[in-house]
Protein chains: 2
Amino acid sequence: MTRQLPYCYKHPHPAVAVDLVIFTLRDDSLHLLLIERGAAPFRGQWALPGGFVRINENLPDAAQRELREETGLSQGYLEQVGAFGKPDRDPRERVISVAFFAIISADKVALHAGSDAHRVEWRPCSDLPPVAFDHREIIEAARLKLSDKINRTTTIALEFLPREFTLTELQRVFEAVRGESIDKRNFRKWAESLSFIKETGKMRRGAQHRPAALYKAKLARR
Amino acid sequence: MTRQLPYCYKHPHPAVAVDLVIFTLRDDSLHLLLIERGAAPFRGQWALPGGFVRINENLPDAAQRELREETGLSQGYLEQVGAFGKPDRDPRERVISVAFFAIISADKVALHAGSDAHRVEWRPCSDLPPVAFDHREIIEAARLKLSDKINRTTTIALEFLPREFTLTELQRVFEAVRGESIDKRNFRKWAESLSFIKETGKMRRGAQHRPAALYKAKLARR
DNA sequence: TCAAAAGTGTTTGCTATACACCCATGA
DNA sequence: TCATGGGTGTATAGCAAACACTTTTGA
């Protein structure tokens, strides 16, 4: 018995996990990463990537580790959404989940099917399948937090974009996150006042229309 | 051995606690509740009230329970701040703390010294003593969240006040939370546009100055 | 030459801020 | 009568939103 269950406590302890809501922009719309669960419970259902926190691991480190395991990315914006702990949210045992949201730019992702997952897929936020556990609730909280955050801390919009980007691409980020379209002239006037981006002098050519000026962050990222 | 440590798991589990940042307004300034710890670790030091989450208890319920144990109040605004989980934040064992902030009106408090606390005191936010664990960090996060929240969700300002209040008292709430003074005429003009308060028709008399009109929430609280 | 996105200004209304004096009361 | 907070209006500047046409390219 002690062989199989070697960690003993005076009082009952819950397990603690991290779950990740990983956002990206594809085809001008907000997507997030779901995995198809390869093990019970909820085997075969879609769910957020996540896993248990190691006993000496900081919460953001655990989130970072899961992010790397699912996407191959070792950097990317990460922010805590909060703790979710309804007693029956996991049928196995009491599990408190600390949710994080992450933002990554679509051009940098290499998806890895994890050991306990069949498939890993980007799904549009506007059309999500049913998800396991209380992950729907976590996703809603993360979306709220993200749209709050992008309004306050405009710079994180850049996390969705490659190093060089056009103003229209930047506009699409705000439109996707806010879920509404923005007037082009008003947006560009407002973007001029942003102090954290600058023109590169280069142009993006090759499309069947007028070339677009390329911008980048003033402070180098990544 | 099994007698003393009867709860056994295959993997190590952290303990999970809730900690409370309980705000109130006293003498026109923001205060929060601290307890003097009566037991190790940090015996004799000031700390936030809190305790372990029971194995079948929802997180907000645990916070509500702690709030009641410390203040005698069974209602009051409660909102999660987030999870704090540095591996060494508690010297006893790995403890993940889920912090909540609460708002209560000073006129309703009956402080109870808990079983593991010597003293329970209101302390001004502007002049806090050193606190145990990572509670300073939790307090800062809670203050940020509170001032965010009061700007977005104006109605929670009422949580600081008795059922009937004057406009000056309401102004003091915003001033204390924002940490800056507000022009009286601008405030009152803005307050007129609030749809969730109304005049009672009554006046607060008895002070050595002109009586003040009393207001209350349009929707009955408590 | 056509389709498709890039780029560009002005007007209007609302909201935030600055600012100073008289009023009603209790001691 | 005096100290104390209660109560009131106007002017200005800055920001958000509405709104339409010309330009440049690749196919």
Side-chain angles (χ1 to χ4, degrees), chain A residues 25-29 147-148 150-154 157 160-162 164-216, chain B residues 25-29 106 147-148 150-155 157 160-162 164-216:
Chain A
L25 203 67
R26 315 187 95 201
D27 311 321
D28 296 340
S29 81
S147 78
D148 260 28
I150 208 168
N151 288 326
R152 299 164 175 284
T153 313
T154 321
F160 283 100
L161 296 172
E164 297 185 330
F165 52 88
T166 68
L167 286 186
T168 300
E169 287 166 348
L170 185 61
Q171 183 177 340
R172 297 289 175 255
V173 172
F174 285 92
E175 289 176 329
V177 171
R178 297 221 267 255
E180 60 191 21
S181 59
I182 302 171
D183 177 85
K184 200 208 295 191
R185 283 170 293 187
N186 290 339
F187 179 80
R188 292 165 102 94
K189 197 180 336 142
W190 174 81
E192 267 177 32
S193 73
L194 297 178
S195 55
F196 56 88
I197 59 170
K198 62 179 175 195
E199 281 196 70
T200 60
K202 288 188 266 182
M203 299 293 244
R204 172 164 300 159
R205 325 185 68 89
Q208 280 182 56
H209 54 76
R210 180 171 171 176
L214 284 169
Y215 287 74
K216 65 177 179 183
Chain B
L25 204 66
R26 315 187 96 200
D27 311 321
D28 296 340
S29 81
S147 79
D148 261 29
I150 208 167
N151 287 326
R152 300 164 173 282
T153 314
T154 322
T155 64
F160 282 100
L161 296 172
E164 296 184 330
F165 53 88
T166 67
L167 285 185
T168 299
E169 286 165 348
L170 185 60
Q171 182 176 342
R172 298 289 175 253
V173 172
F174 285 91
E175 289 177 329
V177 171
R178 299 220 266 254
E180 60 191 21
S181 60
I182 302 171
D183 177 85
K184 199 208 295 189
R185 282 169 296 184
N186 290 340
F187 178 80
R188 293 167 101 93
K189 196 180 338 144
W190 173 80
E192 266 177 32
S193 73
L194 297 177
S195 54
F196 57 87
I197 59 169
K198 61 179 176 197
E199 282 197 69
T200 61
K202 288 187 263 181
M203 299 294 241
R204 172 165 302 159
R205 325 186 69 90
Q208 280 183 59
H209 53 75
R210 181 171 168 178
L214 285 168
Y215 287 73
K216 65 177 179 184

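Naming: A, B, ... by sequence-line order, numbering from 1 per chain. The model shown is predicted, which means the values in this text are computed figures rather than measured ones. Every heavy atom of this structure was used, including side-chain atoms; hydrogens, water molecules and symmetry mates were not.
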Requested in this report: State whether B/T168 places a side-chain N or O below 4.0 Å from either non-bridging phosphate oxygen (OP1 or OP2) of D/dG6.
Outcome: yes
Query - Separation of C/dA6 P from A/L167 CG (nearest whole Å) - result: 9 Å
Report summary line: B/R26 meets the side-chain contact (heavy atoms from CB on, under 4.5 Å) criterion, sequence neighbours left out, with B/T24, B/H31, B/W122
Query - Test item: B/V173 and B/I150 side chains (from C-beta on) under 4.5 Å apart, heavy atoms - result: yes
Query raised in the report: Atom CG of A/L170 and atom P of C/dA5: how far apart are they, to the nearest Å?
Result: 18 Å
Requested in this report: Measure the distance from CZ on B/R178 to C1' on C/dT17 and round it to the nearest whole Å.
Outcome: 13 Å
Requested in this report: Specify the separation, in whole Å, of atom CE of A/M203 and atom C1' of D/dT25.
Outcome: 10 Å
Query raised in the report: How many Å lie between CD on B/Q171 and P on D/dG7, as a whole number?
Result: 11 Å
Query - Interface residues of residues 207-216 of chain A with DNA chain C (non-hydrogen, below 4.0 angstrom) - result: A/Q208, A/H209, A/R210, A/P211, A/A212, A/A213
Report task. Identify the two heavy atoms, one from A/T166 and one from A/A212, that lie closest to each other, and give their separation to 0.1 Å. Result -> CG2-CB, 3.6 Å
Query raised in the report: By side-chain contact (heavy atoms from CB on, under 4.5 Å), which residues pair with B/N186, not counting sequence neighbours?
Result: B/D183, B/K189
Report summary line: Between CZ of B/R205 and P of D/dG6 the distance, given in whole Å, is 14 Å
Query raised in the report: B/D148 and A/R152: side-chain contact (heavy atoms from CB on, under 4.5 Å), yes or no, with the steps?
Result: CA-CA 11 Å; B/D148 261 29; A/R152 299 164 175 284; 3.0 Å; yes
Query raised in the report: Over how many whole Å does the gap from A/E199 atom CD to C/dT8 atom C1' extend?
Result: 14 Å
Report task. With side-chain contact (heavy atoms from CB on, under 4.5 Å) as the test, would you mind laying out the steps for B/R188 and B/I182 before giving the verdict? Result -> CA-CA 10 Å; B/R188 293 167 101 93; B/I182 302 171; over 6 Å; no
Report task. For DNA chain C, find the residues of residues 181-194 of chain A with a heavy-atom distance under 4.0 Å and give them by number; none if there aren't any. Result -> A/K184, A/R185, A/N186, A/R188, A/K189
Report task. Mind calculating the distance between CZ (B/F165) and C1' (D/dG6) to the nearest angstrom? Result -> 16 Å
For residues 193-206 of chain A, tabulate all N or O donor-acceptor pairs below 3.5 Å that involve a side-chain atom, not counting sequence neighbours.
unit_1, atom_1, unit_2, atom_2, d
A/S193, OG, A/W190, O, 2.6
A/T200, OG1, A/K202, N, 3.0
A/T200, OG1, A/L214, O, 3.0
A/K202, NZ, A/E164, OE1, 3.4
A/K202, NZ, A/E164, OE2, 2.9
A/R204, NH1, A/E169, OE1, 3.1
A/R204, NH1, A/E169, OE2, 2.2

Query raised in the report: So A/F187 and A/L170, side-chain contact (heavy atoms from CB on, under 4.5 Å) or not? Walk me through it.
Result: CA-CA 10 Å; A/F187 179 80; A/L170 185 61; 3.9 Å; yes
Query raised in the report: What residues form a side-chain contact (heavy atoms from CB on, under 4.5 Å) with B/S181, not counting sequence neighbours?
Result: B/E175
